[in-house]
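First up is the structure itself, then whatever we jot down about it.
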Amino acid sequence: MMNSTAPTLLLAGLNDKQLEAVTLPHQSALILAGAGSGKTRVLTTRIAWLIQTGQVSPHGILSVTFTNKAAKEMLTRLGAMLPINIRGMWAGTFHGLCNRLLRAHHREVNLPATFQILDTADQLSAIKRIMKVMNVDDEKFPPKQVLGYINSCKEEGLRAYAVESYDSHSQRMREIFEEYDKQCQREGVVDFAELLLRCYELLSNNASIREHYQHRFRYILVDEFQDTNRLQYLWLRLLAGSDNCIFAVGDDDQSIYAFRGARVGNMRDFEHDFNVQNIVKLEQNYRSHSNILDAANAIIMHNRNRLGKNLWTSAGKGEPIRVYEGYNDKDEAVFIVDEIKALHAEGMELGQIALLYRSNAQSRILEHELFSAGLPYRVYGGLRFFERAEVKHALAYLRLIASGDDDTALLRVINFPTRGIGARSLEQLQELARQQDSSLWQAACTKAGDGKPGRGLDGFVALIKQMQEESIGLTLPEQVELATRLSGLRDHYAADKEGEDRIANLDELVNAAIAFNNQEIGMQVDENGEVAMSILAQFLAHASLESGEHQADAGRDALQLMTVHAAKGLEFNTVFISGVEEGLFPHEQSSFEANGLEEERRLMYVAVTRARQRLYLSFAQSRMLHGQVRYGIPSRFLDEIPEELTKRLNSIGSKSNGYNQPVPVAPVARPQANMPWKIGQAVAHSKFGQGVVVNYEGNANDLRVQVNFGKAGMKWLALEYAKLETL
DNA sequence: TGGGATTACCTTTTT
DNA sequence: GGTAATCCCA
């Protein structure tokens with residue numbers, strides 16, 4: 001059934017390299033796809049081409065991405081390319097796919113059919129809980145640190161028993177890890193990393209299941225390969241077996257998630273382990289003008305350990321990169337807002353302008369100025385819909401309807417809205433649960449029997465039982481409505497004068513349930529013909545795995561505010577990168593990590609390559625950070641951009657040319673009596689070069705100053721010895 | 001037990 | 001500076 005004209009049509013308009021990648025033979029391949037080089041197009045066209053040329057049916061394809069958004073986009077584009085039904089294809093995130101596999105084979109991995117998924121906040125509270133039981137000092141073992149430890153172990157593919165411990169501290173960590181996993185198993189819950197690890201174990205311990213899927217998925221395609229962690233890589237290797245081929249697309253220069261376990265090294269390992277003969281580099285950029293690309297290339301060139309790649313474009317040089325220097329953060333923000341106002345007045349859509357920053361804390365002052373100027377804007381990131389407190393409360397009630405043994409859910413709402421169950425009653429309950437080795441819910445039932453309506457533990461038990469009974473036979477949206485009402489959540493928020501938004505969110509949850517219900521109907525039997533879990537359990541899994549995507553007023557034309565991380569994969573006509581200062585970008589913390597600076601540089605590379613036509617870089621001499629005024633100097637990344645690509649919009653300080661010079665809005669430094677040095681003073685050192693005084697200690701006779709030298713780093717210098725010149 | 005007050009935190013983030 | 005968690009008192 002091969003259609004000879006269709007593939008030609010499909011391939012029309014691809015450049016040579018893209019065409020080569022799309023039509024590679026059945027072998028593993030690595031596609032190095034630079035920013036804006038048509039990566040998603042190659043990926044989707046590859047799938048369409050494989051199907052259309054009859055090499056494989058949709059059933060034989062597995063497509064893996066990192067975000068639900070990317071998965072959705074791929075399916076949408078594919079749907080537009082192919083006239084046939086692609087339902088049989090598996091496409092999703094690593095976590096979504098593992099969830100699917102575990103649901104289908106829950107018996108083999110010893111999980112209940114209705115196992116629940118803990119998000120990070122749930123996981124943290126579960127860790128705190130087990131630490132309390134184990135009597136662990138949370139000063140010595142900060143729960144967040146324990147969480148990081150457990151997740152990174154799992155992401156390396158390690159169980160507690162397999163972790164090495166060198167001293168009593170790491171030994172204790174290991175024990176907490178072990179007990180935490182036991183607790184999760186008891187409660188029938190899994191965290192995000194566990195989804196992957198459990199699935200990996202399923203495939204590695206169970207030959208027939210492994211072979212089944214190996215036989216099925218002849219073609220595996222992976223997006224953003226540079227972001228895979230160790231375990232994801234091992235999982236892929238297991239699924240691929242010896243016969244299947246992996247089509248990996250990635251860009252080592254855009255690897256910005258090492259801090260959460262991503263291993264760029266997987267790209268080199270992949271080359272070796274899969275005997276990759278085909279490495280295709282997509283270097284032609286269809287997004288930006290060459291001034292922008294040249295700047296990006298110049299920056300990333302300073303990194304060692306690259307696979308090597310240089311973006312080019314046939315578009316012209318375009319506009320110079322505009323650089324602005326502010327006196328302080330407010331001055332910088334005012335400049336950005338004025339500039340955006342002017343662009344908007346000239347007719348540019350606000351949605352085509354992005355305002356990027358390194359860390360979320362920077363958005364506040366920008367938002368303040370935008371708000372005063374009356375410019376509509378939208379901030380990405382921050383609290384997601386399914387992570388809002390009221391939504392999590394409602395979901396906890398639903399989880400208790402699905403399975404009472406979920407201790408995390410029970411603890412979240414046993415006294416919310418308050419019903420007179422305090423710390424003492426809880427302790428008694430936990431003690432009883434421990435004695436009879438049961439879940440808290442079972443202990444509560446023992447204590448209260450069937451319970452009687454009202455306050456206290458009796459009331460709570462009666463309430464949950466009532467919910468469980470009344471929800472039988474209801475549709476999903478009705479169940480959600482029932483939970484939000486019977487629980488008293490609605491009444492509680494109605495009594496609160498600021499509860500309006502929260503009730504609106506509860507309504508939105510009902511809407512989400514309606515949407516989910518419509519979409520999932522008819523999908524309740526899995527491919528083996530087994531009756532799948534209840535629609536409620538499916539909805540709960542969906543809520544954990546897809547916490548984002550529920551954003552209000554997405555349609556309105558508004559300026560886009562986000563961190564550089566959040567901007568990855570997006571593009572805009574005009575991009576502002578603010579706070580391009582030492583200590584902020586590159587971030588101070590990065591210097592404590594191995595290769596931290598290189599990751600910051602990749603981050604800058606990502607930021608710069610978001611812009612199509614116009615790019616602004618701005619920095620400020622001083623800014624409020626953590627409630628203190630901090631003095632910074634321009635980022636080293638600015639120096640890495642060739643001067644001929646940039647245009648300085650202003651110049652303040654000694655190098656003033658008088659052009660467009662703003663008036664100082666606030667005293668920059670506070671002068672110190674009897675001090676030859678003041679904070680904010682520019683200085684020069686014979687070895688470290690130029691810098692700025694940021695702090696001092698001691699008295700006039702024995703004074704030490706802290707100087708930010710930028711490239712040479714932050715130094716404490718004793719004035720008695722160090723030869724410092726004022727500038 | 002629960003609400004008001006005080007105090008520790010503070011890069012980046014998807015699942 | 002802003003928030004979330006914890007502390008303390010009624």
Which nucleotide, [options], lies nearest any side-chain atom of [X]?
| X | options | value |
| --- | --- | --- |
| A:R260 | B:dT12, B:dT15, B:dT14 | B:dT14 |
| A:T418 | B:dT14, B:dT12, B:dG2 | B:dG2 |
| A:R455 | B:dT15, B:dG2, B:dT12 | B:dG2 |
| A:A566 | B:dT15, B:dT13, B:dT12 | B:dT13 |
| A:T563 | B:dT13, B:dT1, B:dT15 | B:dT13 |

Spacing between [X] atom [atom1] and [N] atom [atom2], to the nearest angstrom:
| X | N | atom1 | atom2 | answer |
| --- | --- | --- | --- | --- |
| A:N360 | B:dT13 | CG | P | 5 Å |
| A:R601 | B:dT11 | CZ | C1' | 18 Å |
| A:F460 | B:dT1 | CZ | C1' | 17 Å |
| A:H542 | B:dT15 | NE2 | P | 11 Å |
| A:L147 | B:dT15 | CG | P | 17 Å |
| A:I256 | B:dT14 | CD1 | P | 10 Å |
| A:E599 | B:dT11 | CD | P | 16 Å |
| A:L584 | B:dT12 | CG | P | 10 Å |

How about A:Q428 and A:Q430: does a side-chain donor come under 3.5 Å of a side-chain acceptor? no
Is a donor from one side chain sitting under 3.5 angstrom from an acceptor on the other, for A:Y605 and A:Q254? no
With a 3.5 Å cut-off and heavy atoms only, can you find an N or O donor on one side and an acceptor on the other between the side chain of A:R358 and the base of B:dT12? yes
Does A:T93 make a side-chain donor-acceptor contact with the base of B:dT14, cut-off 3.5 Å? no
Flag the pair A:F416 / A:H492 as yes when their ring centroid distance falls below 6.0 Å, and as no otherwise. yes
Measuring to OP1 and OP2 of B:dG2, would you say a side-chain N or O of A:N415 lies under 4.0 angstrom away? yes
Verify the contact: side-chain N or O of A:T120 to OP1 or OP2 of B:dT15, cut-off strictly under 4.0 Å; return yes or no. no
Check: residues 114-122 of chain A side-chain donor-acceptor pairs under 3.5 Å, at least two apart:
residue : atom : partner : partner atom : Å
A:Q116  : NE2  : A:T114  : O            : 3.2
A:D119  : OD1  : A:A121  : N            : 3.1
A:D119  : OD1  : A:D122  : N            : 2.9
A:D119  : OD1  : A:K392  : NZ           : 3.0
A:D119  : OD2  : A:K392  : NZ           : 2.6
A:D122  : OD1  : A:K392  : NZ           : 2.9
A:D122  : OD2  : A:D119  : N            : 3.3
A:D122  : OD2  : A:K392  : NZ           : 3.3
A:D122  : OD2  : A:R399  : NH1          : 3.3

For DNA chain C, note the earliest and the latest nucleotide, 5' to 3', having some atom under 4.0 Å of a heavy atom belonging to chain A. C:dG1 to C:dG2
Using a heavy-atom cut-off of 4.0 Å across all strands, would you classify [X] as base, sugar-phosphate, or nothing?
| X | answer |
| --- | --- |
| A:T65 | nothing |
| A:F94 | nothing |
| A:E600 | base |

Report the residues that fulfil side-chain contact (heavy atoms from CB on, under 4.5 Å) with A:R230, sequence neighbours left out, ordered by chain and then residue number. A:E156, A:Y233, A:L234, A:R263, A:N266, A:D269
Are the charged groups of [X] and [Y] less than 4.0 angstrom apart, N to O?
| X | Y | result |
| --- | --- | --- |
| A:E155 | A:R260 | no |
| A:R630 | A:E581 | no |
| A:K154 | A:D191 | yes |

5' precedence on DNA chain B between A:D119 and A:L603 (nearest-nucleotide basis): A:L603
Of A:S359 and A:F192, whose nearest nucleotide on DNA chain B comes first from the 5' end? A:S359
Under the criteria of a ring-centre distance below 5.5 Å and an interplanar angle below 30°, is A:H587 stacked with the base of B:dT11? yes
Taking 5.5 Å and 30° as the limits, would you call A:F259 and the base of B:dT12 a stacked pair? yes
Of the options A:L238, A:L236, A:L195, A:L101, which is the one that meets A:Y200 in a side-chain contact (heavy atoms from CB on, under 4.5 Å)? A:L238
Quick one: classify the glycosidic conformation of B:dT12 as syn or anti, with syn meaning within 90° of 0. anti
